[in-house]
Amino acid sequence: MSESIPPPRNLWGAVPIASALALWEIVARFELVPGDAFLPPFTAVVREIYALAVTGVLAQNFLPSLRRVLIGLVAGAVVGIFVGTAMGWKRQVGSALGPLISLIYPIPALGWLPLLMIWIGIDELLPITIVFICSFFPICYTTAAGIKNVDRRYVRAARSLGSSEPRILATVVLPLALPAIFTGLRLEAGMAWRVIIAAEMVAIPTGIGALLMRSESLVRVDTIIACLMVLSVMCFLFERAILLLERKTTAGWR
Amino acid sequence: MGKVELREIRNFVCQGTNLEILPGELLVLLGPNGAGKTTLLNVIAGLISYRGHVLFDGEKVDGVPARDRKVGYVFQDLVLFPHLSAGRNIAYGLQTAGWARDEQDKRVDELLDLFKIAHLRSRYPATLSGGEKQRVALARALAPRPRLLLLDEPFNSLDLQTTGFLRTELKQHQREFAMTTLFVTHDLNEAELLADRIAVMLDGRIEQIGKPNDILFCPRGEKILEFIGTPNILECDSVRHVTNGLLEARCNGLNLLVAHNGEAFDRISILPRDVVVLSHKPNNSVNVFTGRLREIIACAGTSRVIVETAGCRLVAELPKEHAQTGLGRDSEVFVELALTKLRPSYTERL
């Protein structure tokens with residue numbers, strides 16, 4: 001008697017993606033798109049991605065975007081975690097900075113663009129600053145909340161075991177706040193890509209966003225979709241990488 | 001391990017609390033929920049603010065922060081660090097005290113062996129059973145060799161069997177190392193089983209302190225009587241030798257078999273919770289009497305009943321579930337007074 005082996009769980013997630021791509025291919029091949037809209041088939045977009053890669057156009061535009069996201073996100077995360085930790089750990093710092101951050105936080109990251117164009121000018125620092133602003137506030141918030149929500153009984157236990165306050169923060173509070181901090185990082189990793197593309201489309205002549213704008217003026221729908229696909233994959237990979245880091249860091253006890 | 005004194009401790013719960021814990025003794029702090037027992041432990045550990053004085057070996061430690069008081073504390077919910085393995089939990093206090101790495105490892109091994117949990121060294125708290133967690137928490141508190149051990153209802157969440165086992169183990173280690181220990185509980189049985197002395201705490205004050213028998217059979221004041229329950233005291237008219245170590249005493253019209261320890265007695269006491277009331281005759285016929293149930297008074301978690309036997313009225317404490325046994329007022333019942341629960345004493349000592 002043979003037993004059927006169930007497919008791996010990840011395969012179930014791939015089924016709708018494969019179906020959507022197949023549907024896209026059919027609709028484009030048989031020109032079933034309503035109106036005058038032009039939709040290149042999926043295979044044509046894949047060919048375009050390949051062409052962009054071998055000609056070096058993709059790397060030329062992708063690498064500056066990647067660099068900006070990495071620098072902006074890391075800087076925003078480091079400062080955000082530092083300020084958030086201070087706010088969550090020391091009530092006085094939380095009370096002092098809380099209202100200020102609450103006022104600035106709701107301003108959309110792209111809302112800063114006109115002001116930053118005047119202050120910084122249109123150069124490499126502009127998109128990095130936008131990503132920094134986009135990352136800093138949410139990471140600062142989730143870190144402060146994570147630190148505040150650490151059960152104070154653990155702090156008392158550490159104190160009774162002779163630990164100093166900085167040591168309690170480093171060995172008990174921060175490790176226990178890691179899940180909250182990682183949640184903030186994961187959400188902002190994807191957001192950083194969305195923001196950088198928008199910033200590059202509006203103000204910066206290099207990067208994936210700029211390539212998107214050039215493609216639009218040349219009516220290269222296949223290139224536009226290729227860029228969007230690269231963006232989608234990068235958001236996914238960044239979120240996954242941070243999830244992996246979180247699992248490695250908190251392995252065993254969660 | 002030295003002496004600990006509390007003088008006129010006052011804060012939001014404590015109302016001028018005085019207490020002395022003798023070197024090497026296990027003092028049980030007994031009281032109902034909300035009496036201030038945990039607050040008092042936190043005062044001793046330096047975890048909350050207070051007025052008054054805490055003295056370790058005659059030296060005031062009021063200005064000394066918690067981290068420098070060298071007190072081992074097992075919290076009510078144990079509070080093991082979830083992100084550290086059992087071994088690293090135990091080593092935590094050693095790291096903060098600046099022990100060298102090899103010394104830390106040696107001490108952790110020693111404690112893991114002592115509590116028979118060496119196999120749990122790399123396991124995280126989330127994967128441990130209640131009893132295992134309890135042992136790790138105790139090992140963690142003892143690791144830096146504290147001068148005082150504080151235990152806050154540590155067996156609360158465990159089953160009866162594990163609790164019994166751990167209690168014996170704790171008592172054994174406490175005696176072996178002559179650790180000065182303050183153990184908090186609201187359970188009279190637990191207090192009686194563990195304590196060298198019991199301090200009864202009610203409404204933020206220590207109401208009585210003494211040996212377990214003094215507290216159980218000579219409770220002082222209405223409040224303690226209400227909390228512990230008044231013992232049944234039977235006056236003995238005559239005592240007859242039956243066999244080696246066994247006497248028959250005639251007390252309040254009841255012929256009781258009593259284990260004899262050689263001391264003279266003219267009274268026998270038995271706590272209400274040790275008076276067994278049954279609707280049917282038990283197989284054991286020693287110290288079993290027929291009687292009639294005269295009164296049923298509902299208390300929190302239990303029922304108190306008054307049983308009238310041939311010669312006297314006995315107060316018994318029954319679990320709430322007794323209602324299901326069909327016992328009602330004026331029903332005929334059998335009363336069993338277990339040999340081991342009878343406490344003979346001499347009038348002057350009571």
Side-chain angles (χ1 to χ4, degrees), chain A residues 77 81-82 84-85 88-92 95 139 142-186 242-254, chain B residues 38-39 41-48 64-99 122-128 133 136-137 139-152:
Chain A
I81 290 171
F82 182 78
T85 301
W89 184 235
K90 289 285 169 197
R91 199 184 304 156
Q92 300 91 323
S95 307
I139 291 173
T142 49
T143 303
I147 298 273
K148 263 189 218 160
N149 288 340
V150 168
D151 194 332
R152 292 294 126 166
R153 290 175 312 160
Y154 295 120
V155 175
R156 282 188 168 187
R159 240 174 236 155
S160 79
L161 286 163
S163 201
S164 62
E165 297 300 295
R167 198 184 170 84
I168 293 172
L169 180 63
T171 59
V172 176
V173 176
L174 267 171
L176 291 177
L178 274 180
I181 295 172
F182 271 114
T183 303
L185 281 175
R186 210 166 58 236
I242 290 172
L243 191 64
L244 197 72
L245 191 64
E246 179 183 356
R247 283 186 184 154
K248 278 215 166 247
T249 321
T250 60
W253 62 276
R254 287 188 72 208
Chain B
T38 302
T39 305
L41 291 198
N42 288 334
V43 163
I44 297 170
L47 293 171
I48 54 173
V64 179
R67 65 172 180 272
D68 296 327
R69 289 203 180 188
K70 293 185 180 154
V71 167
Y73 197 156
V74 178
F75 293 84
Q76 194 167 11
D77 301 320
L78 306 178
V79 200
L80 291 175
F81 301 126
H83 61 295
L84 300 180
S85 65
R88 290 190 61 206
N89 258 288
I90 297 170
Y92 190 88
L94 307 175
Q95 287 163 3
T96 57
W99 286 41
S122 54
R123 295 253 302 268
Y124 285 93
T127 68
L128 303 178
K133 278 185 198 165
V136 174
R140 182 179 73 173
L142 290 174
R145 301 188 201 282
R147 47 184 166 187
L148 169 70
L149 181 62
L150 305 174
L151 300 132
D152 190 3

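Hydrogens, waters and symmetry mates are skipped; everything else that's a heavy atom, side chains included, is used. A, B, ... follow the sequence lines: proteins, then strands. Residue 1 opens every chain.
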**Student:** Relative to chain A, which segment of R123(B) carries a heavy atom at a distance below 4.5 Å: side chain, backbone, both, or neither?
**Tutor:**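 Neither part; nothing is under 4.5 Å.
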
**Student:** Please step through side-chain contact (heavy atoms from CB on, under 4.5 Å) for the pair E246(A) and L178(A), ending with a clear verdict.
**Tutor:** CA-CA 8 Å; E246(A) 179 183 356; L178(A) 274 180; over 6 Å; no

**Student:** Quick check: are there more than 12 heavy atoms from other residues, nucleotides or ligands sitting under 6.0 Å from CZ of R88(B)?
**Tutor:**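 Check fails, neighbour count at 12 or below.
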
**Student:** Does any backbone or side-chain atom of L94(B) lie under 4.5 Å from a heavy atom of chain A? Answer side chain, backbone, both or neither.
**Tutor:**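 Neither part; nothing is under 4.5 Å.
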
**Student:** So what's closer than 4.5 Å to chain A heavy atoms on I48(B): side chain, backbone, both or neither?
**Tutor:**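 It is the side chain, since no backbone atom gets that close.
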
**Student:** How about CZ on R153(A), more than 12 heavy atoms from neighbouring residues, nucleotides or ligands closer than 6.0 Å, or not?
**Tutor:**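 Above 12, so yes.
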
**Student:** Which one of D68(B), L47(B), V79(B), N42(B) has the most heavy-atom pairs closer than 4.5 Å to chain A?
**Tutor:**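 Most heavy-atom pairs within the cutoff with chain A belong to V79(B).
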
**Student:** Side chain from CB out, backbone as N, CA, C, O: work out which of these in T250(A) comes under 4.5 Å of a heavy atom of chain B, or both, or neither.
**Tutor:**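 Contact with chain B: none, neither part.
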
**Student:** If you count heavy-atom pairs under 4.5 Å between each of G93(B), S85(B), P65(B) and chain A, which one has the most?
**Tutor:**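 Greatest number of close heavy-atom pairs with chain A: G93(B).
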
**Student:** Do R147(B) side-chain atoms and R69(B) backbone N/O form a donor-acceptor pair below 3.5 Å?
**Tutor:**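 Side chain of R147(B) to backbone of R69(B), a donor-acceptor pair under 3.5 Å: yes, one is there.
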
**Student:** Hey, what's the ring geometry for Y92(B) with F81(B), parallel, tilted or perpendicular (30° and 60° as the breaks)?
**Tutor:**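 Because their plane-to-plane angle lies in the 30° to 60° range, the rings of Y92(B) and F81(B) count as tilted.
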
